[in-house]
Amino acid sequence: MKTLIFLFLFFISINMNSQTVSSIYFKNNSYELSQESKVKLDSLAQLKSNLTFRIFGNCDPSGNVELNKKLSENRANAVSEYLKGKIGNKIKLASTVGLGIEKQINDNSTEDLRSKNRRVDVFIEKTFAKGEKISRKALPSFLSTKIAQMKVKDTFSLPDVNFIGGRHVWLPSGNPNLLRLLKILKENPSLEIELQGHICCDYENFDGEDTDLGTFNLSWTRANAIKEFLIKQGIQASRIKANGSGHLNPVVYPEVTEADRIKNRRVELVLLKK
């Protein structure tokens, strides 16, 4: 039943988004596919749309550079070879690349964080007609919605809270609304929220590169920057979660203008408790 639900949700995400990614994880120093990974890859192979898959292998920083590069290539090839025997003629395998430790998404300070780098990312792209553009329906603003009308698990926008390209620093235009968010949280101490960061433009990586930190988790560092701001202003850390969604849920795609790119460099808010 869980597998069927996963497949249903995955098909919807492919139909709605310009690009999505599915990550396959490995044990330390291994490129053997687990049964769970095979089930996930089986579900990808059953997709019926005209799609392109691009495969990128990754490692944690254990071992030397040469061995890590080879291990990441072996992981990418294991996924590619498995998919070759499963996919239909509507799915194209465009590339299979081992990145070694080039695309670390965190600081590897704990085993849990290191395990997130022992992975293969399968990027899944839809083909868009020339000039075609999608625009997602605008979310309700957290700042202008009455608390009584909010529902737990609903997602809201933070209007005008957008970021400098490649950085977790928000534009000055976001300051007034972040102060409004702070005021709402102070006046409603039972509220708990999740901040979800987003990026634009970087479709070659699991997430964007934070040029200030040198890590490939820009969507998370953006959400976390707002979390840290709120904590410094007196909001309890236990009331706020920070997560990164990469480029997988754009407001506008493809990003043709700088205005398009700015719209996608954002943080959204999910209500966890009221």
Cluster question for you: counting only ILVMFWY and a side-chain heavy-atom cut-off of under 4.5 Å, with indirect links fine, are Ile240 and Phe156 together? yes

What pair of heavy atoms forms the shortest contact from Ile101 to Asp60, and how long is it? CG2-O, 3.4 Å

Look at atom NZ of Lys92 and say whether more than 12 heavy atoms of other residues, nucleotides or ligands are closer to it than 6.0 Å. no

Testing the 3.5 Å rule here: is there a donor-acceptor pair between the side chains of Gln46 and Asp42? no

Decide yes or no for Asn224 and Lys227: does some side-chain heavy atom of the first lie under 4.5 Å from some side-chain heavy atom of the second? yes

Do other residues, nucleotides or ligands put more than 12 heavy atoms under 6.0 Å from Lys69 NZ? yes

Can you tell me if His168 and Asp210 form a side-chain donor-acceptor pair at under 3.5 Å? yes

Is it the case that one hydrophobic cluster holds both Leu113 and Ile24, taking links as side-chain heavy atoms less than 4.5 Å apart, direct or via other members? no

I want to check something: taking the side chain as every heavy atom from C-beta on, are Val79 and Val122 in contact at a cut-off of under 4.5 Å? yes

For residues Leu47 and Ile91, report the shortest heavy-atom separation together with the two atoms involved. O-CD1, 3.6 Å

So Glu73 and Asn77, side chain to side chain donor-acceptor pair (under 3.5 Å) or not? Walk me through it. CA-CA 6 Å; Glu73 291 172 349; Asn77 287 331; 5.9 Å; no

Applying side-chain contact (heavy atoms from CB on, under 4.5 Å) to Leu93 and Lys84, what does each step give before you reach the verdict? CA-CA 8 Å; Leu93 287 178; Lys84 282 179 183 177; 3.5 Å; yes

Before giving the answer on side-chain contact (heavy atoms from CB on, under 4.5 Å), spell out for Leu269 and Thr155 the whole-Å C-alpha distance, their side-chain angles and the decisive distance to 0.1 Å. CA-CA 6 Å; Leu269 185 151; Thr155 303; over 6 Å; no

So, do Val267 and Trp170 sit near enough that their side-chain heavy atoms are less than 4.5 Å apart? no

Glu255 and Cys201, any side-chain heavy atoms less than 4.5 Å apart: yes

Spacing of Glu102 atom CD and Cys59 atom SG [to the nearest 0.5 Å]: 11.0 Å

Starting at CG of Leu158, measure out to CD of Glu268 and round the result to the nearest 0.5 Å. 8.5 Å

Test salt bridge (charged side-chain N to carboxylate O under 4.0 Å, His left out) on Glu111 and Lys116; report intermediate values, then the result. CA-CA 9 Å; Glu111 171 56 25; Lys116 289 179 171 61; over 6 Å; no

Between Glu36 and Lys40, is there a side-chain heavy-atom distance shorter than 4.5 Å? no

Could you state the interatomic distance from OG1 (Thr96) to CZ (Arg54), rounded to the nearest 0.5 Å? 11.0 Å

Which heavy-atom pair separates Ser37 from Tyr25 by the least distance, and what is that distance? OG-O, 3.8 Å

Neighbour count >12 (heavy atoms, 6.0 Å) for atom CD, Glu258: yes

Should we say atom CD of Gln236 is surrounded by more than 12 heavy atoms from elsewhere, each under 6.0 Å from it? no

Nearest 0.5 angstrom please: Lys86 NZ to Lys38 NZ, how far? 8.5 Å

Compare all side-chain heavy atoms of Phe26 with those of Asn117 and state whether any distance is below 4.5 angstrom. no

Within 6.0 Å of OH in Tyr31, more than 12 heavy atoms from elsewhere: no

When every non-hydrogen atom of Leu143 is compared with those of Pro159, the smallest separation belongs to CD1-CD, 4.1 Å

Under 3.5 Å, is there a donor on one side chain and an acceptor on the other for Asn177 and Arg180? yes

Whether over 12 other heavy atoms sit under 6.0 Å from Glu32 CD: no

Are the side chain of Asn64 and the backbone N or O of Leu67 linked by a donor-acceptor pair below 3.5 Å? yes

Lys183/Glu187 ion pair, N-O < 4.0 Å: yes

Considering the options Leu181, Ile193, Leu185, which one meets the side-chain contact (heavy atoms from CB on, under 4.5 Å) requirement together with Ile235? Leu185

In terms of hydrophobic clustering (I, L, V, M, F, W, Y; side-chain heavy atoms under 4.5 Å; direct or indirect links), are Val169 and Leu171 co-clustered? yes

Checking Ser173 against Asp160: is there a side-chain donor and acceptor pair closer than 3.5 Å? no

Find out if a path of hydrophobic residues (ILVMFWY) with successive side-chain heavy-atom gaps under 4.5 Å connects Leu195 to Trp220. no

Kindly compute the distance separating CZ (Arg266) from CG (Asn264), expressed to the nearest 0.5 Å. 5.5 Å

Nearest heavy-atom pair of Asp212 and Arg167: which atoms, and what distance? OD2-NE, 2.9 Å

Is it true that Phe123 and Phe56 have ring centroids separated by less than 6.0 Å? yes

Any non-hydrogen side-chain atom of Asp207 less than 4.5 Å from a side-chain atom of Ile199? yes

Do the side chains of Asp121 and Arg119 get close enough for a salt bridge, i.e. N-O under 4.0 angstrom? yes

For the atom pair CZ (Arg239) and CG (Leu272), what is the distance rounded to the nearest 0.5 Å? 11.0 Å

Please lay out, stage by stage, how Asn217 and Thr215 fare under the test side chain to side chain donor-acceptor pair (under 3.5 Å). CA-CA 6 Å; Asn217 57 350; Thr215 56; 2.5 Å; yes

Please report the closest heavy-atom contact between Ile164 and Arg265, naming both atoms and the distance. C-CD, 4.2 Å

According to a 4.5 Å side-chain heavy-atom criterion applied to Ile, Leu, Val, Met, Phe, Trp and Tyr, with indirect links allowed, do Ile184 and Val161 form part of one hydrophobic cluster? yes

State, with a plain yes or no, whether a side-chain heavy atom of Asn58 is found less than 4.5 Å away from one of Val120. no

